[in-house]
Amino acid sequence: MFPSKTQKPLVEVRGLSVDMPLAGGKDGLRIVDNIDFSIAVGERVALVGESGSGKSVTARAVMRLDPVARLSGKIDFEGRDLLTLSEKEMRHYRGSSIAMVFQDPMSFLDPLMTIGDQVAETLRIRGIGRVEARKRALSVLDELGVDRAAERLGSYPHEFSGGMRQRVVLAMALVGEPKLLIADEPTTALDVRVQDQVLDLLDDVSTRRGLAVLFITHDLGVVAGFAERVMVMYSGRIVEDGDVHAVFKDPKHPYTRGLIRAVPRIDQDLEELYAIPGAPPAPMARPAGCPFNPRCSDAFDRCRAELPAVLPVTGERVACHLHDRKGA
Amino acid sequence: MTTVSAMSGAPRRRRLALSPFDTAVIVLVCVLLLAAVFGPFFAPDSIYTSDIANSLMPPSAANWFGTDDQGRDVFWRLVAGARTTLLSSFLVVTLYSLIGVTIATVAAAGPRWLDEALMRLTDIGLALPSMIVALGFAAAMGPSLKSAIIAMAITGWPTTARLLRGIMRQTMESQFVAGAQVLGVSRWRLMTKHVLPNSLDVLIVKWAGDIGNTVLVLASLSFIGVGAQPPSPEWGATIAGARGYVSTAWWTVVMPGAAVAITSIAFGLLGDIIQVRRDPSLGGN
């Protein structure tokens with residue numbers, strides 16, 4: 001729940017900005033702009049936004065995957081600031097404390113390595129013996145419902161179906177017993193039925209292991225079914241952050257409202273699908289004031305002049321002048 | 001289609017039937033390999049001694065390809081020479097591939113300046129005509145088969161290094177490499193366990209073609225006199241030894257020449273066949 005009341009959060013991100021250097025060597029491009037968020041132990045958080053809103057970059061920043069990206073701020077993970085670690089120390093965190101799975105289960109797996117070796121690799125590189133690593137790989141594959149896992153340790157990825165492959169990918173991520181799993185659109189490449197299975201599985205695993213999940217997606221249906229909390233990103237900033245039911249029932253930010261309205265509903269006859277007018281601004285051409293103001297039907301003068309701060313609004317956090325006015 | 005996606009697609013099945021021509025090429029390559037490995041055991045000892053009374057005999061039932069100026073059977077000398085020629089070529093290709101693979105891996109994995117440095121070195125290697133350089137090296141080390149092999153090994157690697165480094169860079173962009181990195185795999189292990197194995201398949205095609213080419217270059221070096229020396233049955237040396245008889249006893253020159261040509265063409269075609277079969281988008285003809 002928001003923000004974890006009882007215990008210290010697992011991850012606490014403070015003032016995180018990500019700049020990508022430009023070819024000219026001038027100032028970098030600010031892709032993620034000064035965001036704060038935290039994730040509690042075992043919490044399932046969805047990060048949603050359009051393509052280019054900075055959600056994947058945020059996730060990759062937490063893992064420090066882009067060597068060229070300039071990161072500033074703090075990423076506190078169990079009391080240590082990940083941004084101050086050396087690359088070698090960071091490598092130790094990857095896979096064993098924080099794991100990540102990507103969109104496409106087809107290409108996540110090395111086509112020339114057996115499933116058993118791939119799942120065991122995370123353990124092997126940490127000095128765990130072959131036999132023990134295999135045993136633990138097998139038990140994770142079993143846990144994730146890979147049929148006849150023992151016989152299939154020697155199989156290659158192409159011998160598996162898409163859904164099974166996604167299970168193997170999850171097994172690779174989970175075998176190191178991470179506390180946080182970052183899932184970057186893990187279901188987008190799958191058909192709806194398999195998508196559902198994978199979500200159920202994630203749900204199961206996260207409950208059983210007390211695993212926190214940061215789920216990155218643009219599919220609001222998936223968010224509603226899986227996450228406890230949702231963070232909405234727009235143009236490199238978090239514009240709304242709150243309990244998933246509250247946000248869906250009563251979105252506070254006009255952008256969130258637009259997003260939810262844009263999801264077609266089967267129980268309503270529509271002449272035309274709704275779309276938020278305009279397009280998100282490019283990082284080098286953000287408008288003055290609130291980055292959403294040119295597309296916002298509720299924008300007023302202050303929106304065009306002043307960047308709204310992220311402020312608490314009835315148990316949520318919202319960055320919108322509409323609510324600031326009410327609150328003030 | 002990129003090599004990587006071709007690899008990660010559906011299981012590769014034997015989809016294309018072999019055409020009669022492909023079959024012929026493969027049979028020819030097998031015959032050449034068998035001759036190289038087992039042939040010398042069946043060759044009569046007389047091919048290493050001279051029998052002047054029987055010299056320069058035209059092809060007949062007893063001597064299929066005739067005899068040379070020393071009265072030695074040309075056919076059996078070719079069979080014996082196949083071992084020298086093919087074995088040396090395999091050795092050369094293996095050696096320079098090892099150099100090429102090492103340089104490519106270091107270049108692809110290393111920092112930008114190292115990559116640049118190694119690739120410029122490769123450019124220099126590519127710019128120099130390898131046959132002339134090999135000739136120089138072999139001559140400097142003293143003409144022998146060993147010098148020719150070493151010279152060719154140290155001049156042959158640039159194409160392999162350049163090609164493989166490009167493919168490895170491409171493979172490094174794959175999701176499974178990013179995936180392994182996300183799980184904490186170190187850069188060196190990433191390169192050797194994931195990137196290299198997934199980049200090598202293109203080289204297999206190149207190897208087949210390279211053997212054919214190496215056979216030709218080795219025979220040329222021996223012909224010029226910096227490679228194998230007479231009385232070695234090596235093909236180039238054989239041609240060099242017999243070139244004085246080309247007008248009186250054509251078989252002494254044409255037969256080993258044909259052996260060089262057929263072998264290098266056969267391995268080149270084998271490379272093409274492998275390439276077509278592993279890349280369905282080329283349509284299989």
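By convention in this document, chain letters (A, B, ...) are assigned in the order of the sequence lines, proteins followed by strands, and residues within each chain are numbered from 1. Since the structure is predicted, the reported quantities are computational estimates derived from the model, not experimental observations.
Other residues, nucleotides and ligands contribute over 12 non-hydrogen atoms within 6.0 Å of the CZ atom of B:R120.
The part of A:R126 that comes within reach of chain B is its side chain, from C-beta onward, which places non-hydrogen atoms under 4.5 angstrom from that chain. For chain B, the nearby parts of A:L65 are the backbone and the side chain; heavy atoms of each come within less than 4.5 Å. Using a 4.5 Å cut-off between heavy atoms, A:M100 contacts chain B through both its backbone and its side chain.
Closest non-hydrogen pair, B:F176 versus A:P111, comes out as CE2-CD, 3.6 Å.
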Compile the donor-acceptor pairs under 3.5 Å between side chains in residues 131-143 of chain A and protein atoms, sequence neighbours left out, one pair per line.
residue, atom, partner, partner atom, Å
A:S139, OG, A:R136, O, 3.2
A:E143, OE1, A:R209, NH2, 2.9
A:E143, OE2, A:R208, NH1, 2.8
A:E143, OE2, A:R209, NE, 3.2

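Rounded to the nearest 0.5 angstrom, A:L112 CG and B:D201 CG are separated by 8.0 Å. With rounding to the nearest 0.5 Å, the separation of OG in B:S186 from CD in A:E87 is 10.5 Å.
Checked for salt-bridge contact, B:K193 and A:E121 miss the test: no charged N lies under 4.0 Å from a carboxylate O.
Among residues 172-183 of chain A, the residues having any heavy atom closer than 4.5 Å to a heavy atom of chain B are, in sequence order, A:M172, A:A173.
Ranked by heavy-atom pairs shorter than 4.5 Å toward chain B, the options A:T122, A:I125, A:I98, A:D110 are led by A:D110.
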